[in-house]
Amino acid sequence: MEGLSDVASFATKLKNTLIQYHSIEEDKWRVAKKTKDVTVWRKPSEEFNGYLYKAQGVIDDLVYSIIDHIRPGPCRLDWDSLMTSLDILENFEENCCVMRYTTAGISLDWDEKRPEFVRGYNHPCGWFCVPLKDNPNQSLLTGYIQTDLRGMIPQSAVDTAMASTLTNFYGDLRKAL
(Lines give C-alpha, C1' and ligand atoms only; values in the text may rest on other atoms or scores of the structure.)
Protein backbone atom coordinates (compact mmCIF):
# COMPACT_ATOMS: atom_id res chain seq x y z
CA MET A 1 0.00 0.00 0.00
CA GLU A 2 1.44 3.34 -1.00
CA GLY A 3 2.33 5.70 1.82
CA LEU A 4 3.11 2.92 4.25
CA SER A 5 6.72 2.27 3.38
CA ASP A 6 7.73 1.71 7.00
CA VAL A 7 5.15 -0.87 8.03
CA ALA A 8 6.77 -1.73 11.37
CA SER A 9 6.82 1.93 12.38
CA PHE A 10 3.19 2.37 11.33
CA ALA A 11 2.06 -0.71 13.26
CA THR A 12 3.94 0.44 16.37
CA LYS A 13 2.40 3.91 16.12
CA LEU A 14 -1.07 2.41 15.79
CA LYS A 15 -0.59 0.13 18.79
CA ASN A 16 0.75 3.00 20.90
CA THR A 17 -2.20 5.19 19.89
CA LEU A 18 -4.70 2.50 20.91
CA ILE A 19 -2.92 1.94 24.22
CA GLN A 20 -3.04 5.70 24.78
CA TYR A 21 -6.82 5.68 24.16
CA HIS A 22 -7.19 2.78 26.59
CA SER A 23 -5.33 4.83 29.22
CA ILE A 24 -7.53 7.94 29.02
CA GLU A 25 -8.93 8.80 32.45
CA GLU A 26 -12.60 8.08 33.01
CA ASP A 27 -13.48 11.72 33.71
CA LYS A 28 -12.46 12.67 30.15
CA TRP A 29 -15.28 10.57 28.68
CA ARG A 30 -18.97 11.53 28.48
CA VAL A 31 -21.69 8.89 28.19
CA ALA A 32 -23.23 8.95 24.71
CA LYS A 33 -25.53 5.94 25.18
CA LYS A 34 -26.03 3.32 27.85
CA THR A 35 -28.04 0.13 27.61
CA LYS A 36 -28.32 -2.84 29.94
CA ASP A 37 -25.36 -4.55 28.23
CA VAL A 38 -23.24 -1.81 26.63
CA THR A 39 -21.99 1.67 27.43
CA VAL A 40 -20.75 4.04 24.75
CA TRP A 41 -18.74 7.10 25.72
CA ARG A 42 -17.29 9.87 23.59
CA LYS A 43 -14.71 12.61 23.81
CA PRO A 44 -13.45 15.11 21.26
CA SER A 45 -11.05 13.46 18.83
CA GLU A 46 -7.52 14.75 18.52
CA GLU A 47 -7.46 13.46 14.92
CA PHE A 48 -10.38 15.37 13.36
CA ASN A 49 -13.34 17.61 14.17
CA GLY A 50 -15.51 14.84 15.61
CA TYR A 51 -15.46 12.32 18.42
CA LEU A 52 -13.47 9.36 19.59
CA TYR A 53 -15.95 6.74 20.81
CA LYS A 54 -15.32 4.11 23.43
CA ALA A 55 -17.74 1.19 23.52
CA GLN A 56 -17.63 -1.45 26.23
CA GLY A 57 -19.64 -4.50 27.18
CA VAL A 58 -19.34 -7.99 28.62
CA ILE A 59 -19.71 -10.86 26.16
CA ASP A 60 -20.54 -14.41 27.29
CA ASP A 61 -17.76 -16.14 25.39
CA LEU A 62 -14.04 -16.75 25.33
CA VAL A 63 -11.63 -14.07 24.14
CA TYR A 64 -10.39 -16.07 21.14
CA SER A 65 -13.89 -16.80 19.91
CA ILE A 66 -14.80 -13.12 20.10
CA ILE A 67 -11.62 -12.08 18.33
CA ASP A 68 -12.27 -14.62 15.56
CA HIS A 69 -15.67 -13.00 15.01
CA ILE A 70 -14.60 -9.34 15.05
CA ARG A 71 -11.36 -9.62 13.09
CA PRO A 72 -11.59 -8.56 9.46
CA GLY A 73 -12.55 -11.47 7.23
CA PRO A 74 -15.43 -13.50 5.87
CA CYS A 75 -16.81 -14.39 9.32
CA ARG A 76 -17.33 -10.69 10.02
CA LEU A 77 -19.42 -10.29 6.87
CA ASP A 78 -21.69 -13.16 7.96
CA TRP A 79 -22.96 -11.44 11.11
CA ASP A 80 -22.09 -7.71 11.04
CA SER A 81 -25.24 -6.18 9.58
CA LEU A 82 -23.48 -2.90 8.81
CA MET A 83 -20.78 -4.29 6.52
CA THR A 84 -21.53 -5.11 2.91
CA SER A 85 -17.92 -5.69 1.80
CA LEU A 86 -14.53 -5.89 3.40
CA ASP A 87 -11.05 -5.94 1.88
CA ILE A 88 -7.83 -6.23 3.83
CA LEU A 89 -5.44 -3.85 2.09
CA GLU A 90 -2.37 -4.44 4.23
CA ASN A 91 -1.56 -6.96 6.97
CA PHE A 92 1.11 -5.71 9.35
CA GLU A 93 0.97 -8.46 11.93
CA GLU A 94 -1.54 -11.04 13.06
CA ASN A 95 -3.73 -8.47 14.83
CA CYS A 96 -2.99 -5.28 12.89
CA CYS A 97 -4.20 -4.40 9.40
CA VAL A 98 -5.54 -1.66 7.19
CA MET A 99 -8.88 -2.48 5.66
CA ARG A 100 -11.42 -0.93 3.37
CA TYR A 101 -15.04 -1.76 3.90
CA THR A 102 -18.39 -0.55 2.75
CA THR A 103 -21.47 -0.22 4.86
CA ALA A 104 -25.08 -0.34 3.81
CA GLY A 105 -25.40 2.05 0.90
CA ILE A 106 -23.67 2.55 -2.44
CA SER A 107 -20.14 1.29 -2.91
CA LEU A 108 -17.65 3.22 -5.01
CA ASP A 109 -14.30 2.34 -6.50
CA TRP A 110 -11.42 3.35 -4.19
CA ASP A 111 -10.21 6.34 -6.25
CA GLU A 112 -13.60 7.56 -7.40
CA LYS A 113 -14.84 10.67 -5.57
CA ARG A 114 -18.27 12.11 -6.12
CA PRO A 115 -19.77 14.89 -3.99
CA GLU A 116 -23.19 13.25 -3.70
CA PHE A 117 -21.73 10.24 -1.82
CA VAL A 118 -20.29 10.09 1.65
CA ARG A 119 -16.76 8.70 1.87
CA GLY A 120 -15.89 8.06 5.48
CA TYR A 121 -12.48 7.60 6.96
CA ASN A 122 -11.66 5.79 10.16
CA HIS A 123 -8.86 7.34 12.15
CA PRO A 124 -7.00 4.85 14.40
CA CYS A 125 -9.52 2.33 15.70
CA GLY A 126 -9.22 -0.96 17.49
CA TRP A 127 -10.49 -3.41 20.06
CA PHE A 128 -9.28 -4.81 23.37
CA CYS A 129 -10.73 -8.11 24.56
CA VAL A 130 -9.80 -9.58 27.94
CA PRO A 131 -11.28 -12.36 30.06
CA LEU A 132 -13.11 -11.32 33.21
CA LYS A 133 -11.17 -12.13 36.36
CA ASP A 134 -14.25 -13.57 38.09
CA ASN A 135 -15.38 -15.62 35.09
CA PRO A 136 -12.93 -16.55 32.31
CA ASN A 137 -15.88 -17.72 30.17
CA GLN A 138 -16.90 -14.08 29.85
CA SER A 139 -14.89 -11.33 28.20
CA LEU A 140 -14.80 -7.56 28.39
CA LEU A 141 -14.78 -6.12 24.88
CA THR A 142 -13.72 -2.49 24.57
CA GLY A 143 -13.58 -0.70 21.23
CA TYR A 144 -12.25 2.67 20.16
CA ILE A 145 -13.81 4.07 17.01
CA GLN A 146 -13.47 7.46 15.34
CA THR A 147 -15.16 7.76 11.99
CA ASP A 148 -15.02 10.94 9.97
CA LEU A 149 -17.93 10.67 7.53
CA ARG A 150 -16.68 13.67 5.53
CA GLY A 151 -20.09 14.41 4.13
CA MET A 152 -22.84 16.93 4.49
CA ILE A 153 -24.48 15.03 7.34
CA PRO A 154 -24.88 17.19 10.48
CA GLN A 155 -22.46 16.21 13.25
CA SER A 156 -25.38 15.73 15.67
CA ALA A 157 -26.86 13.06 13.36
CA VAL A 158 -23.48 11.35 13.11
CA ASP A 159 -23.13 11.38 16.90
CA THR A 160 -26.55 9.82 17.44
CA ALA A 161 -25.96 7.20 14.76
CA MET A 162 -22.50 6.23 16.05
CA ALA A 163 -23.69 5.57 19.61
CA SER A 164 -26.64 3.46 18.42
CA THR A 165 -24.54 1.64 15.83
CA LEU A 166 -21.97 0.65 18.43
CA THR A 167 -24.59 -0.72 20.84
CA ASN A 168 -26.18 -2.65 17.95
CA PHE A 169 -22.75 -4.07 17.07
CA TYR A 170 -22.61 -5.79 20.47
CA GLY A 171 -26.11 -7.21 20.02
CA ASP A 172 -25.25 -8.58 16.57
CA LEU A 173 -22.02 -10.06 17.91
CA ARG A 174 -23.82 -11.77 20.79
CA LYS A 175 -26.32 -13.33 18.37
CA ALA A 176 -23.53 -14.57 16.13
CA LEU A 177 -21.65 -16.16 19.02
Side-chain angles (χ1 to χ4, degrees), residues 7 10-26 28-43 45 47 50-104 120-148 158-177:
V7 171
F10 181 78
T12 298
K13 182 180 177 189
L14 179 60
K15 285 181 192 178
N16 290 339
T17 299
L18 290 172
I19 290 168
Q20 176 189 349
Y21 295 161
H22 206 55
S23 302
I24 295 172
E25 294 118 23
E26 289 183 34
K28 303 291 184 201
W29 297 100
R30 299 290 176 249
V31 173
K33 184 166 185 163
K34 185 175 178 81
T35 66
K36 176 181 90 163
D37 306 298
V38 180
T39 302
V40 178
W41 297 268
R42 71 180 192 191
K43 68 175 279 319
S45 172
E47 304 284 339
Y51 290 99
L52 166 62
Y53 288 87
K54 173 183 176 180
Q56 190 170 68
V58 173
I59 306 287
D60 290 326
D61 213 324
L62 301 174
V63 167
Y64 293 107
S65 180
I66 294 167
I67 291 171
D68 284 345
H69 277 73
I70 67 172
R71 83 172 62 245
C75 179
R76 179 82 178 262
L77 287 173
D78 287 343
W79 67 267
D80 191 338
S81 60
L82 267 178
M83 289 194 176
T84 58
S85 73
L86 184 148
D87 298 307
I88 297 172
L89 302 177
E90 184 80 34
N91 272 309
F92 300 119
E93 297 174 6
E94 181 182 357
N95 294 315
C96 184
C97 69
V98 171
M99 64 182 200
R100 172 182 58 208
Y101 61 91
T102 55
T103 56
Y121 177 83
N122 281 339
H123 294 274
C125 299
W127 296 90
F128 290 85
C129 190
V130 296
L132 293 183
K133 291 178 184 174
D134 298 344
N135 184 351
N137 293 322
Q138 291 183 318
S139 303
L140 181 66
L141 179 62
T142 306
Y144 297 92
I145 312 298
Q146 49 187 340
T147 301
D148 181 357
V158 173
D159 297 339
T160 300
M162 283 298 294
S164 294
T165 296
L166 288 169
T167 57
N168 291 343
F169 173 87
Y170 280 79
D172 289 348
L173 176 59
R174 285 185 179 105
K175 288 176 191 170
L177 289 166

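Of the listed residues (Trp29, Tyr51, Tyr53), just one forms a side chain to side chain contact (heavy atoms under 4.5 Å, CB included) with Trp41, and that residue is Trp29.
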Which pairs of donor and acceptor atoms, one on a side chain in residues 129-136, lie under 3.5 Å apart (sequence neighbours left out)?
residue	atom	partner	partner atom	Å
Asn135	OD1	Asn137	N	2.9

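The side-chain hydrogen bond (donor to acceptor under 3.5 Å, both in side chains) search around Gln56 returns Thr142, not counting sequence neighbours. Asp61 pairs by the salt bridge (charged side-chain N to carboxylate O under 4.0 Å, His left out) definition with nothing, not counting sequence neighbours. Partners of Ala176 according to the side-chain contact (heavy atoms from CB on, under 4.5 Å) rule, which considers only residues two or more places apart in sequence or in another chain, are His69, Trp79. Take Ser45 and apply the side-chain hydrogen bond (donor to acceptor under 3.5 Å, both in side chains) test, not counting sequence neighbours, and it matches Gln146. Listed by chain and residue number, nothing satisfies the side-chain contact (heavy atoms from CB on, under 4.5 Å) test with Glu26 (two or more places apart in sequence, or in another chain). Applying the side-chain hydrogen bond (donor to acceptor under 3.5 Å, both in side chains) criterion to His123, with sequence neighbours excluded, gives no partner residue. Looking at residues two or more places apart in sequence or on another chain, you find a side-chain contact (heavy atoms from CB on, under 4.5 Å) between Lys34 and Val31, Thr39. Residues passing the salt bridge (charged side-chain N to carboxylate O under 4.0 Å, His left out) test with Asp68 are Arg71, sequence neighbours excluded. Gln138 is linked by a side-chain hydrogen bond (donor to acceptor under 3.5 Å, both in side chains) to Asp60, counting only residues two or more places apart in sequence or in another chain.
The list of side-chain hydrogen bond (donor to acceptor under 3.5 Å, both in side chains) pairs with a residue in residues 164-174, not counting sequence neighbours, reads Lys33-Ser164, Ser81-Asp172.
Between the CD1 atom in Ile24 and the NZ atom in Lys43 there is a gap of 4.5 Å [rounded to 0.5 Å].
The nearest pair of heavy atoms linking Cys125 to Ile145 is SG-CA, 3.7 Å.
Using the six-membered ring where Trp is involved, Phe128 and His22 have ring planes that are parallel, under 30° apart on the 30 and 60° scheme.
The backbone N or O of Ile70 sits less than 3.5 Å from a side-chain atom of Arg76, completing a donor-acceptor pair.
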